[in-house]
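Here the structure is laid out as structure tokens; the discussion comes afterwards.
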Amino acid sequence: MNEENEAAKAGVKDLTITVVYDNNPYKEGLQTAWGFSCVITGPEKTILFDTGGDGSILLGNMEKSAVDPNSIDTVVLSHIHGDHTGGLDSFLRKNHDVTVYLPKSFPKKFKDNVLSLHPKLVEVEQSLKICDNVYSTGQLGRLIKEQSLIVRTDKGLIVITGCAHPGIVKIVNTAKDLLKDDILLVMGGFHLEWATKGKIEKIISAFKQMGVRYVGPSHCTGHKARTLFEKHFGTNYINVGAGKVITAVDLQ
Ligand SMILES: [Zn+2]
Ligand SMILES: [Zn+2]
């Protein structure tokens with residue numbers, strides 16, 4: 001293995017995750033709306049993960065977060081729901097010089113519409129490497145198929161989920177099995193809005209058993225679950241909402 005590959009293997013050092021779309025507020029001036037989207041910079045490629053539900057809100061929040069749409073190389077869509085894919089059209093009209101990774105199970109009509117805007121398209125079935133240190137879990141789940149993003153940092157893995165329809169514990173386990181590394185942070189929608197306190201606490205203890213160090217539950221996690229995660233993770237709970245920027249400093 002050459003030196004360059006060795007460096008890639010060590011994980012991303014200067015990672016920045018900027019949340020540009022969320023129904024939870026964080027930074028003043030950004031618009032909140034149901035959905036999720038974040039931008040990951042630091043790896044070989046700059047990645048837009050999900051696009052929220054509305055293109056003008058997405059682009060407006062990107063501008064307010066000083067994220068240039070033309071700096072994006074790669075778009076990853078977690079799953080078909082409109083609150084994750086609704087902003088794609090507007091984004092591609094700004095910058096179609098990107099590769100879009102979407103679950104293979106997406107309807108043909110959706111794929112055709114994406115292709116009409118001329119990005120490159122990759123249909124994801126199994127887990128795959130997107131670029132050095134960035135992977136997709138592959139499409140998981142039965143009814144609603146969903147992929148999650150895994151970023152390898154020098155301190156462990158970061159798992160980013162859209163809605164976590166296949167189950168958040170299953171997703172984290174998949175990431176761990178795939179890359180055989182510690183889990184530094186799990187963030188995004190955990191889909192626990194309607195879960196009972198008992199179920200949420202089971203998930204929290206599963207997280208602890210898997211050695212998850214930081215959590216940033218947002219979007220469809222729900223207030224009850226967010227409060228419980230905060231209670232159990234204390235200072236390792238990250239309050240994620242529109243405009244939140246996570247860097248290595250937050251993940252010591
Ligand atoms: Zn959602
Ligand atoms: Zn969903």
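When reading the values below, keep in mind they use all heavy atoms of this one structure, side chains included, and skip hydrogens, waters and symmetry mates. Counting convention: from 1, in listed order, for ligands and their atoms alike.
Using modelled atom types and a 3.5 Å distance limit, the side chains of S78 and Q147 yield no donor-acceptor pair. Side-chain atoms of D22 and S218 form a donor-acceptor pair, as typed in the model, at a separation below 3.5 Å.
In this structure the side chain of F91 reaches within 4.5 angstrom of the side chain of L48, judged on heavy atoms. Side chains of L140 and K145 form no contact here, defined as non-hydrogen atoms less than 4.5 Å apart.
Here the two rings, on F190 and F207, have centers that are under 6.0 Å apart.
Hydrophobic cluster membership for I144: L143 (Ile, Leu, Val, Met, Phe, Trp, Tyr linked by side-chain heavy atoms under 4.5 Å, directly or transitively).
Screening the protein for N, O or S atoms under 2.8 Å from the Zn ion (ligand 1) yields 4; no waters enter the count.
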